[in-house]
Amino acid sequence: MPQVFSPRSDRRLRLALSIGAAMLLLILAVGFAYARSGAAWAVGKPAAQPIPFSHAVHAGGLGLDCRFCHAGVEQAAAAGMPTAETCLGCHSRVWTVTPQFAPLATALARGTPVEWSSVHRLPDHVRFHHAAHVRSGVTCQTCHGPVWEMPRTVKTETLSMGWCLDCHRDPASRQGPADQALARDPAGGPPPDRPFGLAARPVMHQGIEVSPLTRCSTCHR
Ligand code: HEC
Ligand code: HEC
Ligand code: HEC
Ligand code: HEC
Ligand code: HEC
């Protein structure tokens with residue numbers, strides 16, 4: 001039988017196959033590295049906001065306390081966002097003329113909240129509670145970075161499940177004194193609530209006790 005493929009075409013085929021395999025591995029490796037990197041989680045990317053608000057001016061320069069605008073952090077799951085009235089307390093007197101404040105007037109006239117875009121947003125299947133963390137001595141900076149230096153608010157952490165678990169496996173090293181997460185005016189008061197039942201009876205899995213902080217149901221409904 002005559003030879004259909006020459007030895008040369010056989011070599012070419014082998015070369016093409018190995019280049020193809022190498023390319024595939026490279027694409028997978030790059031894809032994996034990207035998925036694990038901060039960029040895939042929008043770390044460092046500001047969101048489009050209705051008003052170009054600057055934490056550097058207000059929390060840094062003017063030294064306003066975080067709780068002045070995010071009043072829920074010590075009591076509730078959500079930190080809460082400032083209302084138009086909170087801003088107008090000052091901006092009906094200073095910096096009032098510029099058109100960038102129009103969304104405040106609109107919100108006030110309609111009786112709706114100002115529509116700030118989320119920078120940090122967990123999927124619906126995850127639950128998070130600010131008060132439980134802040135009152136356990138975890139500072140805002142641990143999770144949000146140096147917000148008071150930011151002209152535009154950005155994420156400094158991925159907020160991925162791996163990131164949560166990194167701390168939940170060993171929280172003690174990242175907890176400060178319970179009343180000092182907001183040092184300017186220590187929270188004091190009763191110990192932190194366990195809103196999602198952290199203190200419930202231990203769960204055993206294959207004879208091993210699962211720490212309540214790493215148990216799936218602590219963060220997932
Ligand atoms: C004068 C009011 C004011 C003060 C004080 C203030 N913030 Fe904010 N904060 C805002 C506004 C308005 C936004 C929404 C616009 C933006 O993201 O920049 C915001 C957004 C944020 C976000 C992002 C929210 C999201 O949707 O993901 C974080 C985190 C945050 N602030 C943390 C802090 C911390 C920490 C402090 C104290 C160091 C602080 N803020 C002080 C008004 C304030
Ligand atoms: C305690 C008073 C006070 C409050 C409350 C306040 N501001 Fe301001 N804001 C100022 C002052 C003072 C300046 C001017 C700062 C400067 O020029 O150095 C300013 C500047 C600004 C500017 C323009 C300057 C810049 O560089 O960003 C914007 C926009 C602004 N504020 C938005 C807001 C919004 C939105 C809120 C409510 C979430 C708010 N401010 C709450 C006092 C306040
Ligand atoms: C343990 C980490 C952690 C700490 C500590 C923390 N945050 Fe957050 N913050 C988050 C996460 C995660 C979200 C997104 C929550 C969601 O989507 O349900 C968030 C969302 C926010 C938001 C926007 C949405 C909301 O909840 O209203 C603001 C504002 C905010 N944080 C401010 C603060 C301030 C101010 C402090 C300090 C007093 C603080 N955070 C401490 C992790 C943290
Ligand atoms: C820097 C450390 C740290 C990070 C990061 C962190 N946590 Fe926590 N978390 C804690 C501590 C400390 C507690 C409270 C432990 C206690 O009360 O004994 C806690 C408690 C909780 C609770 C239980 C609340 C209760 O008391 O029932 C939930 C739910 C939770 N965290 C969710 C999350 C999620 C979701 C993330 C990631 C988006 C996250 N945490 C990131 C330290 C952290
Ligand atoms: C400390 C909090 C925490 C604990 C404990 C936890 N998760 Fe998660 N999980 C998260 C967060 C935050 C996300 C969302 C990450 C994101 O933004 O996609 C997530 C996402 C997920 C997702 C969706 C993945 C995706 O790509 O969207 C699954 C599935 C999941 N978790 C399963 C589990 C299981 C199973 C356990 C128990 C072994 C567990 N989780 C324990 C915080 C937690």
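First listed ligand is number 1; within each ligand, the first listed atom is number 1. Here the structure is a predicted model, which is why all the values come from computation and not from measurement.
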> Which atoms of ligand 4 are found less than 4.0 Å from any heavy atom of Arg127?
Replying inline: 29 (C), 32 (C), 35 (C)
>> Quick test of your reading of the structure: of Glu74, Met81, Glu157, Arg121, whose heavy atom lies closest to atom 17 (O) of ligand 3?
In response: Arg121
> Are any of the heavy atoms in Val147 under 4.0 Å away from ligand 3?
Replying inline: no
>> Tell me the protein heavy atom at minimum distance from atom 5 (C) of ligand 5, and give that distance in Å.
In response: Arg215 O, 3.3 Å
>> Please determine whether the number of non-hydrogen atoms from other residues, nucleotides or ligands lying under 6.0 Å from atom CZ of Arg36 exceeds 12.
In response: no
>> Which of the numbered atoms in ligand 4 are under 4.0 angstrom from any heavy atom belonging to Val138?
In response: 1 (C)
>> What count do you get for protein N, O or S atoms closer to atom 8 (Fe) of ligand 5 than 2.8 Å?
In response: 2
> Which of the numbered atoms in ligand 4 are below 4.0 angstrom from a heavy atom of Leu213?
Replying inline: 19 (C), 20 (C)
> Counting each atom of ligand 4 from 1 as listed, which ones have a heavy atom of Thr142 under 4.0 Å away?
Replying inline: 1 (C)
> Counting heavy atoms only, which part of Asp166 comes closer than 4.0 Å to ligand 4: side chain, backbone, both or neither?
Replying inline: neither
>> What I want to find out is whether Arg135 reaches Glu74 closely enough, with some N-O distance under 4.0 Å, to be called a salt bridge.
In response: no
> Under a 4.5 Å cut-off applied to non-hydrogen side-chain atoms, are Pro52 and Arg152 in contact?
Replying inline: yes
> Looking at Cys66, which atoms of ligand 3 are within less than 4.0 Å of one of its heavy atoms?
Replying inline: 35 (C)
> Hey, would you say the Phe68 and His58 ring centroids sit under 6.0 Å apart?
Replying inline: no
> Can you tell if the side chain of His55 reaches within under 4.5 Å of the side chain of Thr153, non-hydrogen atoms only?
Replying inline: yes
> Which atoms of ligand 5 sit under 4.0 Å from any heavy atom of Thr214?
Replying inline: 5 (C)
> Taking N or O atoms only and a 3.5 Å limit, does Gln175 qualify as a polar contact for ligand 4?
Replying inline: no
> Of the backbone and side-chain N, O or S atoms of Cys140, does one lie nearer to atom 8 (Fe) of ligand 3 than 2.8 Å?
Replying inline: no
> Looking at His168, which of its N, O or S atoms is the nearest one to atom 8 (Fe) of ligand 4?
Replying inline: NE2
> What protein heavy atom is closest to atom 16 (C) of ligand 5, reported as residue, atom name and distance in Å?
Replying inline: Trp41 CZ3, 3.5 Å
> Who gets closest to atom 30 (C) of ligand 3 by heavy atom: Pro82, Ala79, Cys167, Gly80?
Replying inline: Ala79
>> Taking 4.0 angstrom as the limit and counting only heavy atoms of Ala78, give me the atoms of ligand 3 inside it, by number and element.
In response: 26 (O), 27 (O)
> Can you find an N or O of His133 that's nearer than 3.5 Å to an N or O of ligand 4?
Replying inline: yes
>> Can you check atom 34 (C) of ligand 5: any protein non-hydrogen atom closer than 4.0 Å?
In response: yes
> For His70, which residues count as a ring-ring contact (aromatic ring centres under 6.0 Å, His included) partner, sequence neighbours excluded?
Replying inline: none
>> Under 2.8 Å from atom 8 (Fe) of ligand 3, is there any N, O or S atom belonging to His130?
In response: yes
> Going by the order shown, which atoms of ligand 3 are within less than 4.0 Å of some heavy atom of Cys143?
Replying inline: 1 (C), 2 (C), 3 (C), 4 (C), 5 (C), 42 (C), 43 (C)
> Is it the side chain (CB and beyond), the backbone, both or neither of Thr218 that lies under 4.0 Å from ligand 5, heavy atoms counted?
Replying inline: neither
> Any protein heavy atom lying closer than 4.0 Å to atom 25 (C) of ligand 5?
Replying inline: no
>> Strictly inside 4.0 angstrom of atom 12 (C) of ligand 5, do you find any protein heavy atom?
In response: yes
>> Is atom 2 (C) of ligand 5 touching the protein, meaning some protein heavy atom lies under 4.0 Å away?
In response: yes
